[in-house]
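Input: a single structure, listed below in structure tokens.
The chains referred to below are lettered A, B, ... by the order of the sequence lines, with proteins before strands, and numbering in each begins at 1. On a predicted model such as this, the values are computed, not experimentally measured, just so you know.
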Number of protein chains: 2
Amino acid sequence: RALKMSENGALPRGGKVLTVDTMNANVKKVDYAVRGPIVQRAVQIEKELKEGVKKPFEEVIKANIGDAHAMGQRPITFFRQVMALCTYPQLLDDNKFPEDAKNRARRILQSCGGNSIGAYTTSQGIECVRHDVANYIQRRDGGIPSDPDNIYLTTGASDGIVTILKLLTAGEGRTRTGVMISIPQYPLYSASIAELGAVQVNYYLNEEKCWSLDISELQRSLQAAREHCNPRVLCIINPGNPTGQVQSRQCIEDVIQFAAKENLFLMADEVYQDNVYAEGCEFHSFKKVLFEMGPEYSSKVELVSFHSTSKCYMGECGFRGGYMEVINMDPEVKAQLTKLVSVRLCPPAPGQALMDLVVNSPKPGEPSYQTFMMERTAILSALAEKAKLTEEILNTVPGIRCNPVQGAMYSFPCITLPERAINEAKAKGQAPDMFYCMKLLEETGICLVPGSGFGQREGTYHFRMTILPPTDKLKILLNKLKEFHQKFTQQYS
Amino acid sequence: RALKMSENGALPRGGKVLTVDTMNANVKKVDYAVRGPIVQRAVQIEKELKEGVKKPFEEVIKANIGDAHAMGQRPITFFRQVMALCTYPQLLDDNKFPEDAKNRARRILQSCGGNSIGAYTTSQGIECVRHDVANYIQRRDGGIPSDPDNIYLTTGASDGIVTILKLLTAGEGRTRTGVMISIPQYPLYSASIAELGAVQVNYYLNEEKCWSLDISELQRSLQAAREHCNPRVLCIINPGNPTGQVQSRQCIEDVIQFAAKENLFLMADEVYQDNVYAEGCEFHSFKKVLFEMGPEYSSKVELVSFHSTSKCYMGECGFRGGYMEVINMDPEVKAQLTKLVSVRLCPPAPGQALMDLVVNSPKPGEPSYQTFMMERTAILSALAEKAKLTEEILNTVPGIRCNPVQGAMYSFPCITLPERAINEAKAKGQAPDMFYCMKLLEETGICLVPGSGFGQREGTYHFRMTILPPTDKLKILLNKLKEFHQKFTQQYS
């Protein structure tokens with residue numbers, strides 16, 4: 001028996017059953033920089049500050065993550081009113097709440113089992129919410145139809161993205177699914193690809209042209225990947241994370257054409273669709289462009305688009321609300337998708353309700369309309385202002401070069417690091433931009449994510465910084481950063 | 001090029017990229033009966049009824065899933081008050097809300113980024129909630145310490161279970177991880193094992209002895225499994241789903257001893273810990289028993305216990321709240337677990353807040369205490385009554401044999417099916433109990449899940465029925481079922 005046990009890989013008595021040597025090897029390969037070592041250190045420093053340890057700063061500023069409320073952004077009043085009404089329906093008798101909020105809450109509750117958001121919803125999500133999502137998409141895309149049966153509500157956009165990648169992962173060795181992702185990318189993609197054991201296929205965005213996407217680079221990347229795997233999926237983030245670019249309509253058309261020609265499944269991460277700031281830039285959904293290209297494309301190209309309650313002007317990250325729309329998915333695969341999501345029963349009902357409000361916000365003439373528009377506009381204009389401010393101040397620093405933040409919530413500037421700093425980092429086994437960001441954190445309390453966590457061209461260095469802090473705080477942060485960069489450059493030159 | 005593409009498994013132009021032939025093969029193997037074909041048909045029938053199609057019944061009764069609110073159970077007032085306050089903090093100025101509710105809400109909000117449940121929380125969950133969970137466990141287990149660092153908040157219990165199974169899945173062929181699960185089981189387990197490509201290892205509960213767990217059967221199952229895989233995990237559901245048994249303290253001790261001897265990682269699904277009805281039965285947590293067995297065990301056996309906001313007296317399924325406590329997990333593995341959960345950012349914050357209220361419910365002397373206790377007791381006594389009623393009525397039916405529903409929310413009676421019915425089902429390619437449940441649904445509107453969806457001994461047939469409908473409705477349901485069974489038996493004899 002003992003022999004057989006060891007043959008089977010069982011551990012000797014007394015040892016742990018589960019160790020890093022006997023655990024899932026794919027999980028070990030997962031990396032997620034946005035909440036990686038630098039953030040863990042930031043949390044530690046916060047504790048030290050609380051305990052009275054003296055630091056050259058008073059507080060840690062977490063500019064590492066797109067977490068609007070944590071940065072002081074206030075929730076949209078209407079959304080929270082409806083959510084409170086859904087949560088505690090006794091408030092429906094309270095005349096402090098506007099009628100339109102009450103109507104929305106009643107409508108959502110009527111679609112819930114036992115009129116409670118404490119009931120499980122259907123696996124695909126509450127039916128009336130999926131209808132509202134479809135209507136929203138149709139309005140957004142100038143009337144191109146959207147079918148509620150193609151809408152799946154999700155636990156944030158991340159959940160949807162992982163689910164679709166899971167469906168697509170198949171084959172072994174040279175036939176293993178390759179997933180094309182932009183570099184720089186949002187590390188959910190690389191993490192999920194690693195966890196699923198799919199093959200990550202990099203295509204580089206063109207930093208010189210404001211992080212635009214070149215078809216020739218897609219072609220190069222695809223061709224190279226076909227030597228060792230089966231690239232089947234092309235992921236696009238637009239507006240870009242971490243790079244903040246907004247894709248032109250022409251570029252989207254080119255990408256769709258490319259996907260059609262090369263038989264690629266398209267995944268469009270469009271969670272920043274309301275976050276467009278730069279003049280001349282506009283959000284074009286992949287769905288809309290696809291359908292405008294005519295039936296040759298619109299009847300064929302497989303596309304999934306993702307959205308979320310976490311970004312745009314809402315910033316309701318904690319609710320984990322989201323949806324995806326699947327286009328041209330094989331009906332049998334769709335049945336498999338529905339079955340797969342049913343195992344987890346349903347996405348959180350409060351997140352679903354919140355998603356409903358985002359796609360069915362107050363209409364002109366409704367009592368909450370004016371306040372809603374005021375709040376929404378204030379948030380989006382402040383973001384536009386901060387996007388510009390960030391670019392401007394960063395570009396005054398010798399050794400920092402920052403593309404315009406056309407959209408989303410981040411700047412991803414290129415930083416020049418002195419040779420000596422690079423060598424010292426390497427001697428410590430650290431990525432040079434991690435070395436830089438760690439020093440920044442220790443000296444100023446500013447928490448950023450090094451570019452190496454998102455991917456970047458060999459020999460270039462970056463960091464991602466959110467533009468979310470309130471304007472006055474952002475200014476202080478940017479000037480501290482400027483000062484630090486100058487000092488750092490001097491110190492290592 | 002064309003040749004190379006086909007070598008790599010790319011599809012011919014014009015076909016779909018993603019088809020059932022080219023999708024993830026593990027996903028295809030996933031089955032989840034609780035929301036399977038019978039429920040899809042039930043939803044269809046509901047639509048037909050709405051459209052005016054005549055049926056021999058007026059409504060579909062979904063007794064297929066443990067969804068308390070959908071069955072008319074009212075949420076706990078205190079929980080919803082605090083949740084409303086957290087959602088819309090302007091209500092903190094409202095004197096309609098009791099002070100203890102306001103204090104809980106303030107405390108939760110203070111632990112949230114920007115004082116908003118719309119902010120991301122830390123990946124492991126809000127710190128003060130994890131502290132409250134640890135305190136709850138410590139109280140529950142008679143003072144045995146619990147460390148907040150070992151608590152991970154989850155998106156319902158399902159999320160935690162899948163995450164731990166994911167960590168444990170490794171090896172190939174004969175060294176592939178085997179996961180021991182009871183038969184009958186809750187199909188989340190078989191579904192996740194299939195999705196992860198782990199090996200399902202069945203051990204049978206003893207129906208003759210009220211679904212108890214025999215160590216000799218564990219031993220048989222383990223030995224057999226070691227011939228073809230590496231069984232490393234033993235999953236226990238207590239109180240049992242779908243079988244409703246409550247494990248004795250002695251049995252839990254025996255299981256722990258077995259796990260220690262055989263180097264098995266223990267997963268204890270304890271989401272029904274407050275749902276114990278039968279006299280002489282008591283809930284014993286695996287953690288408590290483990291620590292009472294002394295350091296030889298408590299310092300060694302790896303255990304994860306799962307809990308949720310969805311069951312017990314709360315029934316708050318829609319919020320997807322839950323936690324897990326990891327005991328004796330290798331620190332390096334724990335770091336990997338923390339990294340893994342960080343990729344999904346955080347569990348839904350409202351679910352975390354609700355979990356907090358469950359583990360930190362009103363205390364004697366607080367203004368909400370009496371109402372809370374009244375509501376809680378009313379729900380739990382009604383469930384106890386319905387558990388008894390279900391057993392009693394079902395056992396009056398010739399051909400139905402029902403074990404006592406000692407705990408949880410389900411009965412899982414054994415049904416005798418006439419040979420002719422079995423043959424007719426087989427001719428249709430259907431499991432005989434699926435055939436039975438489908439007929440029941442079409443003729444009475446009662447939606448149950450066939451035993452084949454949970455697993456059962458070859459040649460036996462069962463169904464799972466929740467005891468959640470209101471007492472008067474439950475009586476009607478049980479009598480309709482009785483009538484149907486008699487008619488069915490007659491028809492096929």
Interface moiety of [X] toward chain B, non-hydrogen atoms closer than 4.5 Å:
{"X": "A:Pro187", "answer": "neither"}
{"X": "A:Leu196", "answer": "neither"}
{"X": "A:Asp159", "answer": "both"}
{"X": "A:Cys112", "answer": "neither"}
{"X": "A:Tyr186", "answer": "side chain"}
{"X": "A:Leu91", "answer": "side chain"}
{"X": "A:Ser310", "answer": "side chain"}
{"X": "A:Gln40", "answer": "neither"}
{"X": "A:Leu168", "answer": "both"}
{"X": "A:Ser123", "answer": "both"}
{"X": "A:Asn115", "answer": "neither"}
{"X": "A:Glu302", "answer": "side chain"}
{"X": "A:Lys62", "answer": "neither"}

Please tell me if the side chains of [X] and [Y] come closer than 4.5 Å, counting only heavy atoms from C-beta onward.
{"X": "B:Gln81", "Y": "A:Gln90", "value": "no"}
{"X": "A:Arg344", "Y": "B:Val162", "value": "yes"}
{"X": "B:Val30", "Y": "A:Val343", "value": "yes"}
{"X": "B:Arg232", "Y": "A:Thr22", "value": "yes"}
{"X": "B:Phe319", "Y": "A:Pro350", "value": "yes"}
{"X": "A:Leu18", "Y": "B:Asp330", "value": "no"}

When only pairs under 4.5 Å are counted, which of [options] shares the most heavy-atom pairs with chain A?
{"options": "B:Leu188, B:Val43, B:Thr121", "result": "B:Thr121"}
{"options": "B:Asn26, B:Asp31, B:Thr122, B:Val39", "result": "B:Thr122"}
{"options": "B:Ala68, B:Ser342, B:Gly351", "result": "B:Ser342"}
{"options": "B:Gly173, B:Gly178, B:Gly113, B:Pro89", "result": "B:Gly113"}
{"options": "B:Ala191, B:Pro348, B:Ala170", "result": "B:Pro348"}
{"options": "B:Val301, B:Leu340, B:Leu85", "result": "B:Leu340"}

- Message: Tell me the closest heavy-atom pair linking B:Gly15 and A:Asn263, and the distance in Å.
- Response: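 It is O-OD1, 3.9 Å.
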
- Message: Using every non-hydrogen atom in the two residues, find where A:Ala119 and B:Cys317 come nearest and quote the distance to one decimal.
- Response: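 Where A:Ala119 meets B:Cys317 most closely, the heavy atoms are C-CB, 4.4 Å.
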
- Message: Let's test your reading of the structure: which of A:Met329, A:Glu195, A:Met71 forms the most heavy-atom pairs below 4.5 Å with chain B?
- Response: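 Answer, by heavy-atom pair count under 4.5 Å with chain B: A:Glu195.
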
- Please determine, among A:Gly318, A:Gly156, A:Gly114, A:Ala70, the option with the most heavy-atom pairs under 4.5 Å with chain B.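 Top option by heavy-atom pairs under 4.5 Å: A:Gly318.
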
- Is the backbone N or O of B:Lys166 less than 3.5 Å from a side-chain atom of A:Asn24, with the two atoms forming a donor-acceptor pair by type?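 Yes, the answer is positive, given that a donor and an acceptor are paired below the 3.5 Å cut-off.
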
- Query: Would B:Val27 and A:Leu167 count as a side chain to side chain contact (heavy atoms under 4.5 Å, CB included) if you check the C-alpha gap in whole Å, the side-chain angles of each, and the deciding distance to 0.1 Å?
  - Reply: CA-CA 7 Å; B:Val27 169; A:Leu167 286 182; 4.0 Å; yes

- Item | side chain to side chain contact (heavy atoms under 4.5 Å, CB included) between B:Val20 and A:Gln336, worked out | CA-CA 8 Å; B:Val20 278; A:Gln336 292 284 335; 4.2 Å; yes

- side-chain hydrogen bond (donor to acceptor under 3.5 Å, both in side chains) between B:Arg320 and A:Thr155, worked out: CA-CA 10 Å; B:Arg320 316 305 299 120; A:Thr155 308; over 6 Å; no

- Task: Classify the side-chain pair A:Arg80/B:Ser116 by whether it contains a donor and acceptor separated by less than 3.5 Å.
- Result: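 A donor-acceptor contact under 3.5 Å links the two side chains.
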
Chain A contact via [X] - side chain, backbone, both or neither, heavy atoms under 4.5 Å:
{"X": "B:Pro347", "value": "backbone"}
{"X": "B:Leu354", "value": "neither"}
{"X": "B:Pro75", "value": "side chain"}
{"X": "B:Glu296", "value": "neither"}

- Going by an N to O cut-off under 4.0 Å, is there a salt bridge joining A:Asp94 and B:Lys96?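 Salt bridge: yes.
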
- Message: Before we go on, tell me: are the rings of B:Phe97 and A:Tyr88 under 6.0 Å apart, centre to centre?
- Response: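 Between A:Tyr88 and B:Phe97, which both carry aromatic rings, the centre distance is below 6.0 Å.
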
- Message: Before you tell me yes or no, could you show the steps for B:Ile65 and A:Leu345 under side chain to side chain contact (heavy atoms under 4.5 Å, CB included), namely the whole-Å CA-CA distance, both residues' side-chain angles and the distance that decides it to 0.1 Å?
- Response: CA-CA 10 Å; B:Ile65 190 167; A:Leu345 297 161; 4.0 Å; yes

- Task: Go through the steps for A:Ile117 and B:His69 under the test side chain to side chain contact (heavy atoms under 4.5 Å, CB included), then give the verdict.
- Result: CA-CA 9 Å; A:Ile117 52 162; B:His69 293 195; over 6 Å; no

